[in-house]
Amino acid sequence: MSSAIPTGLRWGAGFIGNLYGVSACQYLLYLPTFRDDKRLLKSVFLVFALDTLNTITLTSFYCRSLIVCRWNTSYACTLEMPWDLSSAIGTSFTTAFFVQCFYAHRVWIIGNRNKFLTGAVLITAIVQFGVTVTLSTVSLSVRAICDAIITTSIYFYLRSSRAGLLWKENYIQKLNFVFVRMGMFTCLGALAMAILYYHDQKSGTNLTTAPGAILGKTYANSMLAVLNARKGIRDRQQAQELPLEIPTLPSIH
């Protein structure tokens, strides 16, 4: 490899460390706070384990690229697809798939079992996961479409359910804000990756290296942030002793 290090490689290593630290803190906050999430505990552990594996393989890739192969022109360093990079891409897409399935269940609950929207989320999630082996603009665009469907659906249904509720503090609005913010975060990340990947194919500038390293971690952090957001809402609810009588929201745990 050349001694000139691409900008993406220089920034990517720092990004993965910072975001993994955030997800680790969120995971440690979630465990003692929501011990009663019987069904979700395994899912959360699986997503965090995938994020951890993704961090390990990315760290190995960056060590190889920035240290071991910096001045090495062997076949393994210049032409061969690194096993750690392949593993990192696989864990990133797998994390995204599980988190999108998690959101599909949320759309099913909040949307009063809307089969059309839930099916659209599941189909696009399966498609983006199915084309993992062929990382391309199409697979990244499908991922962005899936996130856009999730975000729009949850925003629409939570906004509709606020009608007629006169609470001192609107808890649904807070929950809606967290859902939409996290959904937009992953959607814009996937869309940016699709655009940069297309540009890379034309110019060979490796602009996707840094955002590609953090994309899977945005999904892990998105899921954990949504789950942990219930703590603040629950604490305020208990402090003010206000009932939370919404048919679909109690199922979100």
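Count residues from 1 along the sequence.
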Say whether, by atom type as modelled, one donor and one acceptor occur between the side chain of [X] and the main chain of [Y] under 3.5 angstrom.
X	Y	value
Ser23	Tyr20	yes
Asn114	Leu117	yes
Asn54	Ala88	yes

Please name the residue in the list Ile123, Val142, Ile145 that meets the side chain to side chain contact (heavy atoms under 4.5 Å, CB included) test with Gln128. Val142
Residue pairs passing the salt bridge (Lys or Arg N to Asp or Glu O under 4.0 Å) test with at least one member in residues 53-63, sequence neighbours excluded, are none
Pairs where residues 42-55 contributes a residue and the test salt bridge (Lys or Arg N to Asp or Glu O under 4.0 Å) is met, not counting sequence neighbours: Asp51-Lys217
[X] vs [Y] side-chain heavy atoms within contact, under 4.5 Å:
X	Y	answer
Phe98	Leu46	yes
Leu31	Phe45	no
Ser60	Trp83	yes

Give, for atom [atom1] of [X] and atom [atom2] of [Y], the distance between the pair rounded to the nearest 0.5 Å.
X	Y	atom1	atom2	answer
Ile110	Tyr155	CD1	OH	14.0 Å
Arg143	Met193	CZ	CE	7.5 Å
Asn228	Met223	CG	CE	10.5 Å
Phe61	Leu85	CZ	CG	4.5 Å

Nearest atoms (heavy-atom pairs only) where [X] meets [Y]:
X	Y	value
Arg35	Leu41	O-CD1, 3.8 Å
Gln100	Asp147	NE2-OD1, 3.1 Å
Ala125	Cys146	N-SG, 4.0 Å
Thr59	Thr55	OG1-O, 2.7 Å
Thr94	Gly90	OG1-O, 2.7 Å

Those residues at least two apart in sequence (or on a different chain) that pass ring-ring contact (aromatic ring centres under 6.0 Å, His included) with Tyr103 are none
Can you sort out the partners of Tyr27 under ring-ring contact (aromatic ring centres under 6.0 Å, His included), two or more places apart, ordered by chain and number? Phe48
Listed by chain and number, what are the side-chain contact (heavy atoms from CB on, under 4.5 Å) partners of [X], not counting sequence neighbours?
X	answer
Cys101	Phe97, Leu122
Thr218	Phe185, Thr186, Leu215
Thr152	none
Thr95	Val47, Leu50, Val99, Tyr219, Ala220

State which residues pass side-chain hydrogen bond (donor to acceptor under 3.5 Å, both in side chains) with [X]; sequence neighbours excluded, sorted by chain then number.
X	result
Asn221	Gln26
Thr124	none
Ser43	none

I'd like to know if Leu224 and Leu29 are part of one continuous hydrophobic network [Ile/Leu/Val/Met/Phe/Trp/Tyr, side-chain heavy atoms within less than 4.5 Å]. no
Are Leu53 and Tyr62 connected in the hydrophobic side-chain network, where two residues link if heavy atoms are under 4.5 Å apart? no
Besides Ile195, the hydrophobic cluster formed by Ile, Leu, Val, Met, Phe, Trp and Tyr side chains linked at under 4.5 Å, directly or via other members, contains Leu191
Please determine whether side chain to side chain contact (heavy atoms under 4.5 Å, CB included) holds for the pair Leu40 and Tyr30, giving the CA-CA distance in whole Å, both sets of side-chain angles, and the decisive distance to 0.1 Å. CA-CA 11 Å; Leu40 273 176; Tyr30 172 82; 3.6 Å; yes
